[in-house]
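Since the structure comes first, as structure tokens, the remarks are kept for the end.
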Amino acid sequence: MSDTPIRVLVAKPGLDGHDRGAKVVARALRDAGMEVIYTGIRQTPEMIAEAAVQEDVDVVGLSILSGAHLELFPRVTELLKAKGKDDVLLVAGGIVPDEDIPRLNALGFAGVFGPGTNTHDLVKFVQEKMAEQRIKDKD
Amino acid sequence: MNSQSPISNLQSPLGIARAITQVERGGENTRQLIRALFPFTGRAHIVGVTGAPGTGKSTLVNALAKELHARAKRVAIIAVDPSSPFSGGAILGDRFRMQDLAGTGIFIRSMASRGQLGGLAAAVADALLILDAANFELILVETVGAGQGEVEIARHAHTTLVVEAPGLGDDIQAIKAGILEIADILVVNKADREGANAAAAALEMNLNLNPNKAAWRPPVLKTIALTFEGVNKVVDAIMKHAAYLDEKQLRVPRERARFDRELRGLLERELLERTLRRVTPARWDEWLRQITQRQRDPYSVAQEILDS
């Protein structure tokens, strides 16, 4: 049903404790009518994958500022796949050097949003991707 | 939902999670799912945890689940948070305080209230049936005790905990009608704060005034959920209350009351939906216009809709 709210997991893998960005994003998604499961800082890939499964989310948003994205993100996508939860839209945010973006895209991250992103653009991106996904699911 | 039997789908966390998503949507698929699962339910002990925002419910639920898990119980948690009445969105943040439970096999699901009339109670009731059929022995349901709907959910429980914290109100608050009356166990959390003894004393005094002395007297327990202090005693009290329900054969009457409410809720929702289906949005708008301009009153419009 198209009027079911989009469910999003917002998590911060790794050891950096800067969650202002993640909270701003969580709030923007909520204001756009989404249900945001906010799990906070210092999440292991295992915790993130477990939460994504149990909460049956449509979107997983990972925020990272420590530079460990190329270590941690592949582990998250591997675990999601292993648990059969590979139908989610993956979005990344935080400090990601431009040259790493293609590698994250290859991992399945449909969008990578760095500092200065307008939350409006992020919301629109998620809404459009989910609309495509839900049309596909109907076919 | 695939074509396997609904019960075998509940053997994996993924299957349980998808079944809960299904019941949140409602509709014919949900009816079929619940019909198939219902014979396999009725074994779980459901514990409702409610109280004002900021009393430490999530932290307490985290501690309770950890202790129950240590006692070799299969535990699941449903944490309900309100949806925004404006955007329909929600921040479901209870899981944030339950990080200790990762990797334990404890199933945690956050649910938003989604605002539809009676819908929340129905979705939570169905989610409880799913977790029950999935063989969880103890299910903790956490709700903000801030409204009728939340109190209703707490009443699905076999054992209801009401959580208080010092400094949220004086002894007049304690004797007001409300969620205190549904408590089987009263917890004063954040007991390291000033006023904890006074809050516990006010609750005890209130209980002394209960006319029915023969019935279960809710224990008043002090906890510091963050450090697990006193949590053991709360778990003991939950077990004791479960045994009391068995001993006095009170489970059946409680279940009867629960399904009485559930059945009424289902009918209310179904009848409302059927009634509204006969009304076009344009007519609805016109009625609202007439009422706001005081040309007609709400009672006669409602009567017209029912008679149409």
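Just so it is clear, the model here is predicted, and its values are computed rather than measured.
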Q: Look at the side chain of A/E50 and the backbone N and O of B/G103, then say whether any donor-acceptor pair between them is shorter than 3.5 Å.
A: yes

Q. Quick one: of B/I16, B/I20, B/T21, B/D94, who has the most non-hydrogen atom pairs under 4.5 Å with chain A?
A. B/T21

Q) Do any of residues 63-74 of chain B have a heavy atom less than 4.5 Å from a heavy atom of chain A, and if so, which, in residue order? A) none

Nearest non-hydrogen partners of [X] and [Y], listed with the distance:
{"X": "A/E35", "Y": "B/A112", "result": "OE2-CB, 3.3 Å"}
{"X": "B/F96", "Y": "A/I41", "result": "CE1-N, 4.4 Å"}
{"X": "A/V53", "Y": "B/A17", "result": "O-CB, 2.9 Å"}

Just checking [X]: does its [atom1] atom have more than 12 heavy atoms from other residues, nucleotides or ligands closer to it than 6.0 angstrom?
{"X": "B/R274", "atom1": "CZ", "result": "no"}
{"X": "A/L70", "atom1": "CG", "result": "yes"}
{"X": "B/R278", "atom1": "CZ", "result": "yes"}
{"X": "A/L107", "atom1": "CG", "result": "yes"}

Q) Relative to chain B, which segment of A/A51 carries a heavy atom at a distance below 4.5 Å: side chain, backbone, both, or neither? A) both

What distance separates [X] [atom1] from [Y] [atom2], expressed to the nearest 0.5 Å?
{"X": "B/L14", "Y": "A/K83", "atom1": "CG", "atom2": "NZ", "result": "9.5 Å"}
{"X": "A/T39", "Y": "B/R97", "atom1": "OG1", "atom2": "CZ", "result": "12.5 Å"}
{"X": "B/S83", "Y": "A/R30", "atom1": "OG", "atom2": "CZ", "result": "10.0 Å"}

Residue pair [X] / [Y], side-chain donor-acceptor N/O under 3.5 Å:
{"X": "A/E55", "Y": "B/S110", "answer": "yes"}
{"X": "B/S87", "Y": "A/D31", "answer": "no"}
{"X": "B/R95", "Y": "A/Q54", "answer": "yes"}

Q: Let me know if B/I77 has heavy atoms under 4.5 Å from chain A in its side chain, its backbone, both or neither.
A: neither

Q.
I'd like to know whether A/Q43 forms a side-chain contact (heavy atoms from CB on, under 4.5 Å) with B/Q99, so could you lay out the CA-CA distance, the side-chain angles of the two residues, the decisive distance to 0.1 Å, and finally the verdict.
A. CA-CA 9 Å; A/Q43 298 282 297; B/Q99 317 242 354; 2.5 Å; yes

